[in-house]
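To start, the structure itself, in structure tokens.
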Amino acid sequence: MSKYKGQAAVISQEQAAADIYSLWIEAPLIAAEAKAGQFLSLYTQDESRLLPRPISICEIDKEKGRLRLVYRVTGSGTGTEQFARLRAGDAVEVMGPLGNGFPLENPGKAFLIGGGIGIPPMLELAKQLPGDRQIIAGYKDELFLTEDLKKYGELYVATEDGSAGTKGNVLDAVRENGLLADVIYACGPAPMLRALKTYAKEHGIVCYISLEEKMACGIGACLACVCQSKEKDSHSNVHNKRVCKDGPVFLSTEVEI
């Protein structure tokens, strides 16, 4: 698969929730190649910040050559705060598509599980995945993307404070609603993925997880985003996988989290 780097035009940007922004960019070459579960690297205009920021792809519009990125601003003075200032007509330097996405063969009945900022990749996956899609989204409190997700599957919500849906986490929502599946697709924080890996093993379910990891180069050269694996990596000849290159999507049985 080809990777492209260049300037992308900002089509629109809006705030979806506290510190959560939804950005549409025009990047036809990237959109033509992009798959659900992949990510882009975005570069700031701050010369003191040489490294890009990895952001998951939320939606792909191949016909119009556009991509949607939904991301969280992580603090004052950060690269993501700079991205939040982008407006229609601006340009941003991007590279992508990067990484390996989710497999899209018909899995039967599937859980699409997102936690926090791991929720956005579930939208494009829900649009493309055949079969019965049950979407479980876990939030701390404020909801986002729920109306979009409802268009492509049955949506179940969990919130830590109990303000919407099930009080607790995504597995609490699965149990409370008596949900069953043949395969799990998940993206979110490590504790959630760890719990899902255990749940999948106990129930004999195939489980694909998309790891969130700090990255540097985004193309597998620097080894800054490795995770432990059962098999030796052909690049480094040690028991690790490069999240940006070999992932971010892995079979849960491939990696230690």
Side-chain angles (χ1 to χ4, degrees), residues 1-14 16 20-43 52-72 80 83-84 86 88 90-107 110-131 133 135 137 144-153 155 183 185-188 208-212 215 218-219 243-250:
M1 178 179 290
S2 300
K3 292 186 288 289
Y4 302 95
K5 182 178 180 182
Q7 296 291 318
V10 174
I11 304 303
S12 66
Q13 178 154 237
E14 62 183 15
I20 303 294
Y21 288 80
S22 173
L23 172 68
W24 276 99
I25 61 172
E26 186 171 10
L29 294 177
I30 297 177
E33 296 280 345
K35 297 180 179 179
Q38 292 185 299
F39 67 96
L40 304 184
S41 283
L42 270 66
Y43 294 80
R53 303 297 185 272
I55 300 180
S56 298
I57 296 171
C58 177
E59 286 192 83
I60 306 165
D61 186 338
K62 292 184 182 292
E63 183 176 336
K64 294 183 178 179
R66 298 178 177 182
L67 298 136
R68 185 185 186 187
L69 308 175
V70 175
Y71 63 96
R72 173 181 286 124
T80 50
F83 300 147
L86 293 169
D90 290 342
V92 60
E93 188 174 9
V94 301
M95 179 170 63
L98 301 173
N100 294 302
F102 290 102
L104 296 176
E105 66 269 11
N106 192 332
F111 286 161
L112 280 63
I113 301 180
I117 206 61
I119 293 169
M122 295 298 110
L123 180 53
E124 185 62 32
L125 178 62
K127 290 168 66 176
Q128 293 191 25
L129 191 69
R133 300 174 296 275
I135 307 167
F144 58 92
L145 287 179
T146 52
E147 294 305 311
D148 298 91
L149 292 166
K150 286 176 183 177
K151 298 174 184 177
Y152 303 103
L155 176 64
V183 62
Y185 301 86
C187 182
Y208 295 97
I209 56 176
S210 179
L211 299 184
E212 296 179 344
M215 297 180 186
I219 58 174
V243 173
C244 68
K245 178 74 172 181
D246 303 313
V249 178
F250 298 96

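All residue numbers refer to positions in the sequence shown, counting from 1.
Between the side chain of Q13 and the main chain of F83, a donor-acceptor pair closer than 3.5 Å is present. No donor-acceptor distance shorter than 3.5 angstrom exists from the side chain of E26 to the backbone of A9, with no hydrogens or angles considered. Side-chain N or O atoms of K62 include one that pairs as donor or acceptor with a backbone N or O of A34 at under 3.5 Å. R66 places no side-chain N or O within donor-acceptor distance of the main-chain N or O of D61, the cut-off being under 3.5 Å.
Counting heavy atoms from C-beta on, the side chains of I25 and L40 come closer than 4.5 Å. Side-chain atoms of I135 and L123, non-hydrogen and from C-beta on, never get closer than 4.5 Å to each other. When side chains are defined from C-beta on, P54 does not count as touching L98, because their heavy atoms never get closer than 4.5 Å. Looking at heavy atoms from C-beta onward, D148 lies in side-chain contact with R68 at the 4.5 angstrom threshold.
In this structure, Y21 and Y71 have parallel ring planes: the angle between them is below the 30° cut-off, well short of the 60° mark. The aromatic rings of Y208 and Y185 sit parallel to each other, their planes meeting at less than 30°, with 60° as the upper class boundary.
Atoms CE and NZ, from M95 and K3 in turn, are 7.5 Å apart once rounded to the nearest 0.5 Å. Considering CZ of R133 and NZ of K127, their distance stands at 11.5 Å, rounded to 0.5 Å. Separation of atoms CG (L86) and CG (L69) is listed at 10.5 Å; rounding is to 0.5 Å. Note that the CG atom of L129 and the CD atom of E105 stand 8.5 Å from one another [nearest 0.5 Å]. Atoms CG and CG, on L149 and L125 in that order, are 10.5 Å from each other to the nearest 0.5 Å. We find the OG-CG distance between S210 and N100 to be 10.5 Å, quoted to the nearest 0.5 Å.
Summarising the geometry of A36 relative to I60, their closest heavy-atom pair is N-CD1, 4.1 Å, with the distance given to 0.1 Å. Across all their heavy atoms, A91 and Q7 have their closest contact at CB-OE1, 3.5 Å. A16 and F144 make their closest contact through O-CB, 4.1 Å (heavy atoms, listed as atom of the first residue, atom of the second, distance). Of all non-hydrogen atoms in E59 and E124, the two that sit nearest each other are CA-OE1, 3.3 Å. Closest non-hydrogen pair, I119 versus G115, comes out as CG1-N, 3.9 Å. Taking all atoms of both residues into account, the shortest heavy-atom contact from P121 to S56 is CG-CB, 3.5 Å.
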For F102 and M122, run side chain to side chain contact (heavy atoms under 4.5 Å, CB included): C-alpha distance rounded to whole Å, both residues' side-chain angles, the deciding distance at 0.1 Å, then the answer.
CA-CA 10 Å; F102 290 102; M122 295 298 110; 3.7 Å; yes
With side chain to side chain contact (heavy atoms under 4.5 Å, CB included) as the test, would you mind laying out the steps for K35 and L104 before giving the verdict?
CA-CA 10 Å; K35 297 180 179 179; L104 296 176; 5.9 Å; no
From CA spacing to verdict: side chain to side chain contact (heavy atoms under 4.5 Å, CB included), C58, L145:
CA-CA 10 Å; C58 177; L145 287 179; 4.1 Å; yes
Determine, stepwise, if the pair I55 / L23 fulfils side chain to side chain contact (heavy atoms under 4.5 Å, CB included).
CA-CA 11 Å; I55 300 180; L23 172 68; over 6 Å; no
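Surrounding NZ of K64 are at most 12 heavy atoms belonging to other residues, nucleotides or ligands under 6.0 Å away.
Side-chain contact, R72 with T80: no donor N or O sits under 3.5 Å from an acceptor N or O.
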